[in-house]
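Note that the coordinates shown come from a computational prediction; the quantities given were computed from them, not determined experimentally.
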Amino acid sequence: MPECRAGAACRRQSGAVAGRWWWLLLCLGLALGGMAHAQQGTALPAQPPSASAAAPSASNADATLFPLESEPVSVPAPAQFGDSLVQEVRLLYVPQDGLYFSSASVLMLPASVRAALEQGIPVYFMAEVRLTRPRWWLLSHEDAFQQRFWRLSYQPLTRKWRVQMSSISSEHTDQPTGLAQAFDSLADALASMQRIAGWKVARSDELRPGTVYDVEFAFGLDKRRIPRPLQISEVGRASWDLELVMHRLFEMPSLP
């Protein structure tokens, strides 16, 4: 009989411990679920574009830079780095096509960067758009990622500024093939990079309807392509640390 009473006591004690663990896990799950729900509740609602909306193209890029259909997803607060800033970002979702990105920025180059350009040293720039889907039980999942690269150089003999763009890699901008433009001034050359219109950053099948996405836009100097002599100097690297980063929430329209 004493052994039976001892065994029953042990079973009751183990059951009580298991019950406490079960309540702790339940409370933790409810807390995490509430945090995820609160995070999604702060998203700005996006209005689906009208049926007449068309995918942006090179011919109508200027007309679709800031379309009326994407007014709810404009960004009023700029991302700033010194005197450089992102003035505005727009997202336009076209059903059965994809998500298009447009932005307007201002880049104020440091004196060391301007001096390198005037000496004939090319300078490289990069823009990235990343769409991540938050998940409260795991890390956020990246559903789309796109990059653009530019090579800016000055030709002393012709006194022309040359901008070469590529969506493949930064090294691809060093090739003679590809999209290249010549400008009479540095301001005009920078303007061609600062204004992005109708950039398709995700296909429709890559995005989930009714999901709130964290859209990250990064734009600035490509730190991987800093001239080698400046990579050794801490002062040199710091003066070339120009990068603008902006985050915003975008809610995909739900299926009808």
Side-chain angles (χ1 to χ4, degrees), residues 56 58 61 79-86 89 98-132 142-156 158 160-183 185-203 206 215-247:
Q80 193 163 353
F81 184 92
D83 295 329
S84 303
L85 75 158
V86 178
V89 166
L99 184 66
Y100 289 84
F101 175 89
S102 302
S103 68
S105 307
V106 175
L107 285 180
M108 302 298 293
L109 300 183
S112 59
V113 178
R114 297 173 64 96
L117 285 168
E118 293 171 355
Q119 294 174 10
I121 300 175
V123 176
Y124 299 86
F125 297 82
M126 178 176 61
E128 296 179 345
V129 176
R130 189 187 313 269
L131 277 76
T132 56
E142 181 180 295
D143 283 358
F145 178 68
Q146 293 292 333
Q147 290 180 308
R148 273 189 181 180
F149 305 92
W150 294 269
R151 181 183 188 268
L152 174 62
S153 60
Y154 178 65
Q155 300 171 342
T158 59
K160 294 287 186 180
W161 297 86
R162 180 183 174 88
V163 176
Q164 189 149 347
M165 192 269 289
S166 173
S167 297
I168 301 175
S169 67
S170 180
E171 290 74 17
H172 189 256
T173 59
D174 295 327
Q175 305 298 324
T177 59
L179 179 62
Q181 293 178 287
F183 301 91
S185 66
L186 175 59
D188 293 338
L190 290 175
S192 67
M193 300 185 295
Q194 294 170 163
R195 194 173 181 87
I196 300 175
W199 181 15
K200 188 175 182 179
V201 294
R203 304 189 311 271
E206 293 178 315
V215 182
E216 177 185 350
F217 172 56
F219 179 47
L221 293 170
D222 190 348
K223 301 176 184 178
R224 301 170 302 176
R225 305 299 304 275
I226 296 177
R228 191 169 297 276
L230 295 177
Q231 294 181 7
I232 304 174
S233 170
E234 291 290 338
V235 177
R237 285 202 303 268
S239 61
W240 286 62
D241 189 15
L242 172 58
E243 184 180 22
L244 300 172
V245 180
M246 172 177 284
H247 287 264

Inset, instruction - Quick one: list whatever passes side chain to side chain donor-acceptor pair (under 3.5 Å) with Gln164, sequence neighbours left out. - result: Arg162
Legend entry - Contacts of type side-chain contact (heavy atoms from CB on, under 4.5 Å), residue Tyr124, not counting sequence neighbours: Pro122, Arg151, Ser170, Thr173, Asp174, Asp222, Arg225
Legend entry - Side-chain touch Trp161/Leu117, heavy atoms, less than 4.5 angstrom: yes
Legend entry - By ring-ring contact (aromatic ring centres under 6.0 Å, His included) - contacts of Phe101 (at least two apart): Phe217
Inset, instruction - Applying side chain to side chain donor-acceptor pair (under 3.5 Å), name anything that partners Asp143, two or more places apart in sequence or on another chain. - result: Arg133, His141, Tyr213
Legend entry - Over all atoms of both residues, closest heavy-atom pair of Gln194 and Leu107: OE1-N, 2.8 Å
Legend entry - With Ala144 via side-chain contact (heavy atoms from CB on, under 4.5 Å) - residues at least two apart: Leu131, Ala202, Glu206
Inset, instruction - List for me each residue that meets side chain to side chain donor-acceptor pair (under 3.5 Å) alongside Gln155, sequence neighbours excluded, and say none if there are none. - result: Thr158
Inset, instruction - Using the test side-chain contact (heavy atoms from CB on, under 4.5 Å), find all partners of Thr132 that sit at least two apart in sequence or belong to another chain. - result: Arg130, Ser140, Glu142, Asp214
Legend entry - Results of side-chain contact (heavy atoms from CB on, under 4.5 Å) for Ala182 - residues two or more places apart only: none
Legend entry - For Ser167, all residues meeting side chain to side chain donor-acceptor pair (under 3.5 Å), sequence neighbours excluded: none
Inset, instruction - Evaluate the criterion side-chain contact (heavy atoms from CB on, under 4.5 Å) for residue pair Glu216 and Glu128; output intermediate values, then yes/no. - result: CA-CA 8 Å; Glu216 177 185 350; Glu128 296 179 345; 5.7 Å; no
